[in-house]
There are 2 protein chains.
Amino acid sequence: MNDNKRISIKEIARLADTSIATVSRIINKKGGYSKETERLVNDIIDTYGYVSNMAAKSLRESKSHTIGIIVPDISNDFFATIALHVEKTLKQHNYSCYICNTSNDEETEKEYFKDLDSKLVDGIICISGLKNLPENISNRNIPIVCIDRKPANSKNIPIVSNNDTEASYEATKLLIEKGCKQIIYISAFPLEHHLQARRQGYEKALLDHNIKLDKNLIFYLTGKDISYVESEVLVAEFLQAGNTCDGILATSDRIALGALYALKRYDIKIPEEVKLIGFDNSLYSRLPSPSISTISRNTVMLASEGCRILLDMLDGKTPENLETIVPAYIVERESTK
Amino acid sequence: MNDNKRISIKEIARLADTSIATVSRIINKKGGYSKETERLVNDIIDTYGYVSNMAAKSLRESKSHTIGIIVPDISNDFFATIALHVEKTLKQHNYSCYICNTSNDEETEKEYFKDLDSKLVDGIICISGLKNLPENISNRNIPIVCIDRKPANSKNIPIVSNNDTEASYEATKLLIEKGCKQIIYISAFPLEHHLQARRQGYEKALLDHNIKLDKNLIFYLTGKDISYVESEVLVAEFLQAGNTCDGILATSDRIALGALYALKRYDIKIPEEVKLIGFDNSLYSRLPSPSISTISRNTVMLASEGCRILLDMLDGKTPENLETIVPAYIVERESTK
DNA sequence: ATGAAAGCGCTAACAA
DNA sequence: TTGTTAGCGCTTTCAT
């Protein structure tokens, strides 16, 4: 078959001396043809290496058997793991995936939504960075499931996320129980709902343990630099100014890592003098010495729950719950031991 | 526009009281229409949130403005970085990307090739795990560029890879110059060409420095477990048996990390007693303490060279070089200092 | 069990 | 500058 041209069902029909309708039926196993023609047609398909033309199929059916996955940053372990798991799961249900990397850029994300719309994707799994989803996509009635982050105008869109408030509460509590009294809180700028939830958990834990909230211990990154760089600078400046602390809660492992670097730079012993805990259970917490305690977000479950809901919606079902909570849990490592 | 139905150019034409041909021309900026109709049509497009139907466009044009990216494992930092960079680069040239994660599974990879063919992708960037590319795809005359790994039957397919032999040579030389005489070599099972190249570089460096090759110092992983686990076990057993070494060259950072863990377990000082170097310049070498010296593969350049060549091919040019070598270079860290 | 034909939305060749 | 029309490959309805 050294022919580089794609063969069509029309051609197959001609070769099998039958009609394109029959060929189509055979390819899609719809029944209504003889064993004999079936064998003949399948033989031709094999010999000529026929591959269906998805564009034509999609045009005709107004669907693409494809799902779009929107991720902020595929080179981030956390998102990559989710994307990977989503892809694998959906593949088992005969969907392929467009992975769209927004680089946390709002304009890019909007473009991708349009792109996915244009490509007739059957559904979207979305870890969005947008405050609001684009109007047109939300009006298109295309099934969307959000993971981790929830755009404000997504009232009817199911979301799968963690019990962030509680997880953050537990992390703070762990530090307190290990004797910490001055606990720094470092977070990315809390545009997103889940970051606000974490702050609440932190505050509640302090309150419940009679520790007065000290606003001077709360820091937000600007996002102008890589998070661990910003975090390192911030903690270093804090220490340089003669301030003290005995615990640090960071809302990501990368932020925690920056803190770790700063503490090391000032020869502060971890966990003896300062205890440290992050979020995400990524390589950033697993690999450093001392290894950093962290909150596992349970990426596999975030992904599989998201898929389950999306697949239900693709089947025409209405999701019973708009909010699905995946339990995050503490992974204790050297930095709090 | 609370209508969830997609509007077509036919509908636009009706609303603008013109023909679909004119609308098509305006959308694609082909010229041959008045300023006035242009404005009118664009207004309608905006108000109705028109989005083109890619399936129809692809069917008509026999191309999809989409590139397929085949990767073995998107949750691996090294591949993810390449995929990300490829996606960003191609996006600037108005191509979107299918990222296909093969999980190092041959069957999956073959399926994906078929899938990409079916989706009429205009080109493929391929970090393949296959010994041979599928027949049908190589006969389809669709532009393919391989990165890092080269299937055997890809005679006419351009490949972008590193100068692995030299890089490995330099790494070994570095260890030797720092005084190492018993250098362990640990590699994944060398099905792939670039792993054989690295072994050659290692051997040549030993030879050039009058160190006799000791086959007992050469180890291959089976691939039955995660590489750093296998590597840790392997080095631990080596030490347990009372053997000694003063340097380790690992063909990936993950393998190097396993070695690091084993050495630490036996309280062997790095770099004082044993020096260690890996490959990839990933988080696995950057984050641990001591940090691990490594060979940077120059992922950004691997990706951008791959894109450059593919874009040329998409323009109908024949690539001038079938082999493009991207220089890998040593990143020295604590483990060899 | 099979076939003829319509039509999905689009581009491009041709006509006006 | 604009419009008419064929046809890309496919599924599906309606005949037979």
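Everything numeric here is computed off the predicted structure, so don't read it as measured data. In what follows, chains are A, B, ... by sequence order, proteins preceding strands, each numbered from 1.
- Taking 4.0 angstrom as the limit, T37(A) places a side-chain polar atom (N or O) nearer than this to OP1 or OP2 of dT2(C).
- If you measure from atom NE2 of H65(B) to atom C1' of dC10(C), you get 11 Å, rounded to the nearest angstrom.
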Checklist entry - Yes or no on side-chain contact (heavy atoms from CB on, under 4.5 Å) for Y50(B) and I44(B), after CA distance, side-chain angles and deciding distance? => result CA-CA 8 Å; Y50(B) 167 78; I44(B) 295 173; over 6 Å; no
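- Residue S19(B) places none of its side-chain N or O atoms closer than 4.0 Å to OP1 or OP2 of dT4(D).
- Atoms CD (E11(B)) and P (dG7(C)) sit 16 Å apart, rounded to a whole Å.
- K91(B) and E111(A) are joined by a salt bridge, as a carboxylate oxygen and a charged side-chain nitrogen come within less than 4.0 angstrom of each other.
- Atoms OG and CD1, from S52(B) and I9(B) in turn, are 10.0 Å apart once rounded to the nearest 0.5 Å.
- Side-chain proximity of T18(A) to the nucleotides dC10(D), dT2(C), dG3(C) is greatest for dG3(C).
- S128(A) pairs with exactly one of R149(A), E109(A), K150(A) by the side chain to side chain donor-acceptor pair (under 3.5 Å) rule, that one being E109(A).
- Picking from dC10(D), dC8(C), dT1(D) the nucleotide with the shortest atom distance to the side chain of K57(A) gives dC10(D).
- OP1 or OP2 of dT2(C) has at least one side-chain nitrogen or oxygen of S34(A) nearer than 4.0 Å.
- Distance CZ (R14(A)) to C1' (dG9(D)): 16 Å, rounded to an integer number of Å.
- The side chain of Y50(A) places an N or O atom within less than 4.0 Å of a non-bridging phosphate oxygen (OP1 or OP2) of dC10(D).
- In summary, the side chains of K119(B) and S96(A) do present a donor paired with an acceptor at a separation below 3.5 Å, with no hydrogens or angles considered.
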Pairs under 3.5 Å (N/O, protein and nucleotides 12-16 of chain C):
| residue | atom | partner | partner atom | Å |
| --- | --- | --- | --- | --- |
| dA12(C) | OP2 | K30(B) | NZ | 3.0 |
| dA12(C) | O4' | R60(B) | NH2 | 3.3 |

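- Mapping G32(B) and L59(B) onto DNA chain D by nearest heavy atom places G32(B) at the nucleotide closer to the 5' end.
- Look at CZ on R39(B): it is 17 Å from C1' on dT1(D), rounded to the nearest Å.
- Atom NZ of K119(A) and atom P of dG9(C) are 19 Å apart (whole Å).
- Between M54(A) atom CE and dC8(C) atom C1' there is a gap of 15 Å when expressed in whole angstrom units.
- Formation of a donor-acceptor pair under 3.5 Å by the T89(B) side chain with backbone atoms of S304(B) is not found in this model.
- By the 4.5 Å heavy-atom criterion applied to side chains, I147(B) and I125(B) are counted as neighbours.
- What separates CG of L120(B) from P of dC10(C) is a distance of 17 Å, to the nearest Å.
- Among the atoms of the strands shown, none is found under 4.0 Å from any heavy atom of S62(A).
- When the C1' atom of dT2(C) is taken as reference, atom NZ of K35(A) falls 17 Å away, rounded to whole Å.
- Nucleic acid contact for S52(A): sugar-phosphate only, since backbone atoms but no base atoms lie under 4.0 Å from a heavy atom of the residue.
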